[in-house]
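Okay, so here's the structure we're looking at.
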Amino acid sequence: MDNVAIVVDDLDAAVAFFTELGMELEGKAQIEGVYADRTVGLDGVRSDIAMMRTPDGHSKLELTKYHTPAVSDAEPRNPPPNTLGLHRVMFAVDDIDDTIARLRAHGAELLGEVAQYENIYRLCNLRGPAGIIVALAEQIG
């Protein structure tokens with residue numbers, strides 16, 4: 001897999017959110033033209049993207065802000081975790097409590113609470129940029 005794309009309404013805020021998670025901005029670009037229209041199946045595409053990569057360089061997120069055509073809002077705006085389709089993006093973290101505190105400063109909200117799975121992980125789900133679910137996992141055992 002090369003990357004996962006997330007459509008956001010505030011590109012700078014999304015970059016800041018994922019930077020707080022330890023991802024690094026690989027680069028930004030404007031995307032438009034016939035190739036973009038053909039690739040995504042829309043006419044008149046004009047967007048900005050930011051490519052974020054994990055510190056180990058193995059995984060990437062493509063954050064996309066569409067200027068044209070207008071963004072289509074998903075219904076419901078913040079779907080529950082059991083909605084069909086992309087469920088969530090999970091990140092391994094060293095300190096889940098610290099990470100939650102730092103992400104709250106970027107608008108993240110816990111969906112439930114931090115739970116422990118046996119003596120192996122502490123886990124939680126947060127609502128992140130554009131309403132996506134971001135899961136955190138801290139290995140404890």
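No experiment lies behind these values; they were computed from the predicted model shown.
When every heavy atom of V134 is checked against every heavy atom of G128, the shortest pair comes out as CG2-CA, 4.4 Å. Taking both residues in full, the closest heavy atoms of I96 and L136 are given as CD1-O, 3.8 Å, listed atom of the first, atom of the second, then distance. Closest heavy-atom contact between H67 and S47: CD2-CA, 4.0 Å.
The distance from the CZ atom of R102 to the CG atom of D95 is 8.0 Å, given to the nearest 0.5 Å. For the atom pair CG (L42) and OH (Y66), the distance works out to 6.0 Å, reported to the nearest 0.5 Å. Of the inter-residue distances, the one linking F18 atom CZ with T54 atom OG1 reads 12.5 Å to the nearest 0.5 angstrom. Put simply, CE on M23 and CG on L61 are 4.0 Å apart, with the number rounded to the nearest 0.5 Å.
Put simply, I49 and V4 are part of two different groups of oily side chains (I, L, V, M, F, W, Y) that touch within less than 4.5 Å, one to the next.
Applying side chain to side chain contact (heavy atoms under 4.5 Å, CB included) to E26 and the options E62, M52, M51 leaves one that passes, M51.
A salt bridge between R122 and D97 is present, with a side-chain N of the basic residue lying under 4.0 Å from a carboxylate O of the acidic one. E24 has a carboxylate O that lies under 4.0 Å from a charged side-chain N of R53, or vice versa, which qualifies the two as a salt bridge. Ion pairing between a basic and an acidic side chain is recognised when a charged N comes within 4.0 Å of a carboxylate O; K28 and D12 show such pairing.
Between H106 and F17, the ring planes are perpendicular. Angles over 60° get that label, and only those under 30° would be called parallel.
For T68 (side chain) and G44 (main-chain N/O), a donor-acceptor pair under 3.5 Å exists by modelled atom type.
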